Every structure is written in structure tokens, then in C-alpha cells.
Amino acid sequence: MPKSKSSENNRPKKATVGMQLLHNPILNKGTAFTDAEREDLKLRGLLPPRVCSQDQQMMRVLENLRRKPTDLEKYIFLVGLQNRNETLFYRTLIDNIEELMPIIYTPTVGKACQKYGHIFRRPRGLYLISEDRGRIDAVLQNWPHDDVSVVVVTDGERILGLGDLGANGMGIPVGKLALYTACAGVDPSHCLPITIDVGTNNEALLEDPLYIGLPQRRIDGSAYVELMDEFMESIRKRYPEALIQFEDFSGTHAFNLLNRYRSSYRMFNDDIQGTAAVTLAGLRSALRISGGALSDQRVLFMGAGAAGIGIGSLLACALEKGGVPKAEALRASWFFDSKGLVVAGRERVRDMQKPFAHKNPEIRDFAEAVRVLKPTAIVGVSGRPSLFTEKVVREMAKLNVRPIIFPLSNPTSQAECTAEEAYGWSEGRAIFASGSPFDPVSHSGKLFQPGQGNNAYIFPGVGLGVVVSGAEKVTDEMFLASAAALSDMVGEAEFAKGMLYPPLGSIREVSKVIAVAVAEEAFSAGVSSADRPDDLADYVERMIYSPDYGPLA
Ligand code: NAD
């Protein structure tokens with residue numbers, strides 16, 4: 001049986017009283033301390049007299065929050081709350097997830113990272129620097145918690161679509177782990193955000209006197225890889241059960257590190273594998289609408305980087321599992337990048353693109369590639385806006401009764417086409433999902449609610465599934481299981497509105513179902529040496545952190 005993830009190991013013990021207690025964000029209940037607790041814990045006189053319920057406290061938080069003039073101000077306010085009263089922070093986040101996810105995560109977290117040194121109040125997470133080479137073990141000892149289930153790590157080189165933000169990238173692991181707690185109920189004290197500061201090549205940051213990272217250029221090559229190797233070993237030594245999620249590394253490092261560690265560590269890369277799973281789920285949902293088979297699809301990608309190649313690889317894996325021979329499974333995906341169609345023999349085909357560089361004449365125009373290859377789906381992962389032109393979408397609508405059109409590039413301003421364009425140019429026949437949210441679109445008297453392929457549907461549930469099962473590694477099959485579970489949770493009501501994913505408000509339920517599917521896969525594939533609990537769903541349920549004030553007195 002896997003080890004129970006009770007938070008007790010990491011909780012400060014009862015001795016904390018008085019002002020010290022009010023300044024401890026994990027134990028603090030603020031005005032919700034009861035009269036008895038105020039008596040026992042030396043709080044008399046230190047709080048205003050009226051005892052508030054958690055709901056009343058949340059009402060006050062929301063009132064203050066909604067008065068803030070900008071999203072960045074809201075972000076700063078929420079981080080302040082997290083630093084004062086973690087339980088109330090998570091209660092507020094969970095109960096208002098649709099409103100607050102875009103503040104705590106994309107797009108606002110991007111703005112926060114850009115200004116991280118300027119809005120800095122208190123440290124959160126663990127910073128490792130290149131000079132820590134040889135002593136990472138010792139630095140990890142400074143982290144106050146002995147029980148860590150999930151580490152999210154970045155080196156800050158490719159933060160969202162914003163490029164190299166160096167140590168300012170810490171906002172990403174912090175935000176992702178807040179979602180681990182809010183969406184999948186991983187106890188916040190079991191979450192460890194890490195930024196590995198290997199320098200930055202961002203000139204503006206190098207010259208900014210308030211930049212929080214090392215004001216020096218990035219290290220690379222063997223020095224970089226040796227540092228990462230030591231990091232992985234040190235984490236394994238201090239936290240043998242922890243899952244390590246890689247976030248926002250540059251495309252090349254992302255692929256190289258994934259291939260280097262995936263078979264020997266409990267790790268995955270969300271930009272590659274999480275994106276792939278959420279897109280495959282969207283594709284499965286689209287086929288439930290159109291009635292098509294996965295094995296009949298031909299997907300043409302605009303962009304052949306980490307996200308695109310990740311999706312193509314997982315799609316090939318899904319097809320192979322369904323009995324399609326490998327060579328044919330790979331030919332379901334075709335890639336177009338800034339040099340044109342990626343084909344065998346073309347100059348400059350990157351290693352990760354090679355399995356998808358099929359034999360074909362070179363094509364430099366995307367609309368022409370659509371006309372020649374006759375894809376059933378186009379997926380935009382180029383980070384460049386407006387590349388799905390009217391000509392492209394109309395050609396797709398000519399070739400397919402229900403063309404699948406997924407402009408996934410973030411943020412909204414970078415999407416390859418808008419929801420309105422996709423529905424308008426296809427006479428309302430497009431099956432649409434984007435990376436960033438779009439407002440509902442009205443077309444020919446019908447209201448469409450565009451689907452958002454948000455990675456937050458996948459990674460918290462996958463992580464929880466890996467943690468509860470004690471899986472030794474994270475396999476492609478687990479991502480396939482998560483994609484199938486996610487798509488299965490979409491019902492006719494959502495399809496009728498054009499949605500390919502469940503409503504964000506149901507994300508805690510979604511994450512639980514995904515966690516069970518992933519853990520089931522781990523047990524049945526023998527990737528976990530633990531015994532499968534008799535009632536896996538109940539077991540997962542019991543692992544879930546809920547932000548309620550426990551008794552202290
Ligand atoms: P990347 O830098 O690794 O890859 C970008 C690719 O686009 C490269 O192959 C590049 O050659 C190609 N490209 C650039 N300009 C082009 C042009 N004008 N025409 C054709 N191709 C062009 O980046 P990535 O990590 O793969 O991410 C790409 C985009 O996908 C980003 O905008 C990111 O926000 C988005 N993304 C979305 C999700 C999601 O929706 N869930 C998840 C991950 C990434």
C-alpha cells in the first residue's frame with residue numbers, strides 16, 4: 001500500500017502561540033480563531049474581538065481583491081494572503097477557481113514574472129545557483145519540510161511565451177504548485193517550487209538593479225548538464241518519493257533533459273507531455289462530435305517545437321496502442337515550421353523533428369500544404385499570430401465536414417486565429433479549441449463556447465496519480481490514460497456549446513478522476529511496486545487536502 005500523504009510531518013507543532021502563531025501562514029486562522037483557541041493559545045487581545053467564519057473572511061478577501069485596479073495588483077494581493085493565511089488563500093482559490101486561475105496562473109503570472117524583482121516582498125520557493133555545484137545536498141537541507149511529494153522546477157529560460165526571464169521565472173513553479181493544491185488537493189506543505197538560476201541572457205534584466213537573480217550570462221554545455229545531474233540526484237536523496245515536474249525550459253533543454261531522466265527518475269515535462277495529453281483529449285472530444293476515428297486523422301502542425309513534437313509523439317503512441325504500425329502512426333502528424341514543411345532531406349531538420357520528417361516535396365506555403373496533404377486537423381503551436389488565414393480555414397472547411405482547428409499559441413494575442421474567425425470562415429462547422437481563453441462567439445444564431453486546452457486539466461491529476469501510486473516513473477501510457485479520462489468527462493451539454501473540455505469549475509473532480517486513471521495504469525503496468533489499494537478512488541479521495549481550519553487548541 002502506498003504511504004499516506006498526511007500533512008502532519010510538515011506541520012509546525014502545537015507549541016507555536018501568540019504573535020508567533022499569527023505570523024505563521026500555515027497555522028494562522030486570523031479572525032477565525034475561536035474564543036477557546038484565543039484563550040489557550042495566548043491570543044487574547046491580539047485580534048479584533050469578533051470571531052469570523054471562514055466564509056466571512058473569504059467575503060472580505062473577495063471584496064478587497066475585486067477593488068484592485070489591475071490583475072497584477074490582484075496577483076500581489078493574493079500572494080500577500082498566501083503569506084499570511086495559507087488555508088484561507090486556498091479556500092478562496094478553490095471556491096473561485098474560474099475567476100482566480102487567470103490571476104494566479106496565465107496570463108497574469110507572466111506579467112508578475114516580468115516584474116518579479118520589482119514586486120518582490122517575501123521569498124517563496126528554493127533558489128539554486130550555478131555556484132551551488134558540489135553542495136546542492138546541503139542547500140536542500142535548508143528547506144524546512146522533510147516530506148515533499150511534488151517539486152516543480154524551472155531554469156527560467158522560456159517563461160510562457162515571454163522568453164528568458166532568469167530567476168524571475170520563480171513565479172511559474174510557485175503558480176503551478178498553487179494549482180496542484182487547488183486542483184488536485186496536494187497538501188501545500190508537500191510542494192516545493194525550485195528555480196535553478198544559471199544566469200540570464202536577457203539584457204534588460206542584466207541591467208535592472210532590482211533583478212533578483214545572478215546578474216550574469218547563462219552557463220550551458222557540460223557545466224549546465226552536470227549541475228542538472230547533481231540536482232536530480234540530490235532531490236532523490238533528500239526526497240526519494242518526490243515527483244519532479246519540469247517547466248519552461250528552452251525547447252532543446254526540455255527534450256534533452258526529458259530523454260536523459262525519464263527512465264531513471266520520477267519526472268515529466270509539462271510543456272511537452274502535459275500539452276500533448278490535453279491536446280489529445282481535445283482531439284478525442286472532437287472525434288466524439290464528428291464521429292471520426294483517431295486512426296483516420298491527419299494532423300498538420302503549424303510550429304515544430306517542444307509543444308508540437310510532444311503532441312505528435314503522444315498521438316503516435318495512442319495510434320500504436322490501437323494497432324497502427326509505428327511508421328504509419330508517425331505519418332499521422334506533419335509539421336510546418338518557419339522554414340516550411342518539415343520533410344526528409346530538407347536542410348536543418350532538428351533531431352526531435354526527424355521521426356516526423358516524411359518523404360514529400362518541400363512546400364513553403366501553409367495553405368498549399370493544407371491543399372496537398374488534406375489534413376483533418378490543424379494545430380497551431382508556433383507562438384505567432386494570424387497564421388491560420390482565411391484561405392487556410394476555408395480550405396480546411398472545403399476538405400472536411402467538421403474541420404478541427406486548434407490555435408494553441410499563447411497568450412491570446414499570439415493565437416494562430418481567433419474563435420470568431422474559425423467559426424465564421426467555416427460557416428460554423430469548425431471544431432475549435434485554443435490555448436488561451438476566447439469569449440463566446442455567436443454565429444448564424446448559434447452561441448459557441450470555445451474550448452480552452454489548458455494544461456491545468458492534466459498535470460495536477462497526473463501528479464496526484466503518480467504520488468498516490470508511488471509509481472517509479474511517469475510513462476506515456478499514463479498521459480494516454482489522463483487524456484482518455486479527461487475526454488470521457490465531457491458531456492453532451494458541453495458538446496452542444498462547442499466545448500471540448502469540462503467546465504473549469506469542475507477541475508477538482510476532473511483531477512481526481514485523472515489521478516485514479518493514472519494510478520490504475522501505474523499498478524496494472526507494474527510501474528509501482530506498492531500494493532494497489534482495494535478501493536483506489538476512495539484512497540485518492542482520502543489523500544486530498546481540504547483548506548479547512550483544523551483544531552489547534
Ligand atoms: P518552441 O519555440 O519550442 O516552438 C515554436 C515552433 O514554431 C518552432 O518550430 C518554430 O520554428 C515555429 N515557428 C516560429 N515562427 C513560425 C512561423 N512564422 N511559421 C511557422 N512556424 C513558426 O515553442 P513551444 O514550446 O513549442 O510553444 C509554442 C506555442 O505553443 C507557444 O505559444 C505556447 O504558448 C503554446 N503552448 C500552448 C499550450 C496549451 O495550449 N496548452 C501548451 C504549451 C505550449
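These numbers come from the heavy atoms of this one structure, side chains and all, not from hydrogens, waters or symmetry mates. All of these numbers come straight from a predicted model, not from anything done at the bench. All ligand and atom numbering here is 1-based and tracks the order in the structure.
In terms of protein heavy atoms, atom 22 (C) of ligand 1 is closest to Ser338 N, 3.6 Å. Counting only heavy atoms of the protein, atom 26 (O) of ligand 1 lies nearest to Ala307 N, 2.9 Å.
Checked against a 3.5 angstrom limit, the closest N/O atoms of Ser434 and ligand 1 fall outside it. The shortest N or O to N or O distance between Asn410 and ligand 1 is below 3.5 Å. In terms of N/O distances under 3.5 Å, ligand 1 is not approached by Met302. For the pair Gly305 and ligand 1, the shortest N or O to N or O distance falls below 3.5 Å. Every N/O-N/O distance between Thr275 and ligand 1 stays at or above 3.5 Å. Taking any N or O of Val278, backbone or side chain, none lies under 3.5 Å from an N or O belonging to ligand 1.
The two residues Leu280 and Ala318 come nearest to each other via the heavy atoms CD2-CB, 4.1 Å. Smallest separation of non-hydrogen atoms from Met352 and Ile309: O-CG2, 3.4 Å. Between Ser409 and Gln414 the shortest heavy-atom distance is CB-O, 3.5 Å.
Using modelled atom types, one finds no donor on one side chain facing an acceptor on the other under 3.5 Å when comparing Asn400 with Thr376. Counted by atom type alone, Asp155 and Tyr224 present one or more donor-acceptor pairs between their side chains at under 3.5 Å.
Shown here is Glu368, whose CD atom has more than 12 heavy atoms of other residues, nucleotides or ligands within 6.0 Å.
For Arg158, the closest heavy-atom approach to ligand 1 falls below 4.0 Å.
Taking the side chain as every heavy atom from C-beta outward, Ile235 and Tyr265 never approach each other to under 4.5 Å.
Using a 4.0 Å cut-off to heavy atoms of Asn455, the atoms of ligand 1 that qualify are 39 (C), 41 (N), 42 (C). Short contacts between ligand 1 and Leu408, defined as distances under 4.0 Å to a heavy atom of the residue, involve ligand atoms 35 (C), 36 (N), 37 (C), 40 (O). Residue Leu387 approaches ligand 1 through these ligand atoms, each under 4.0 Å from one of its heavy atoms: 17 (C), 18 (N), 19 (N).
Within a 4.0 Å radius of atom 2 (O) of ligand 1, the protein contributes no non-hydrogen atoms.
The option with the heavy atom closest to atom 39 (C) of ligand 1, from among Gly453, Ala415, Gly274, Gly383, is Gly453.
A salt bridge is defined here as a Lys NZ or Arg NE, NH1 or NH2 lying under 4.0 Å from an Asp or Glu carboxylate O, and Glu362 with Lys339 fails to meet this definition.
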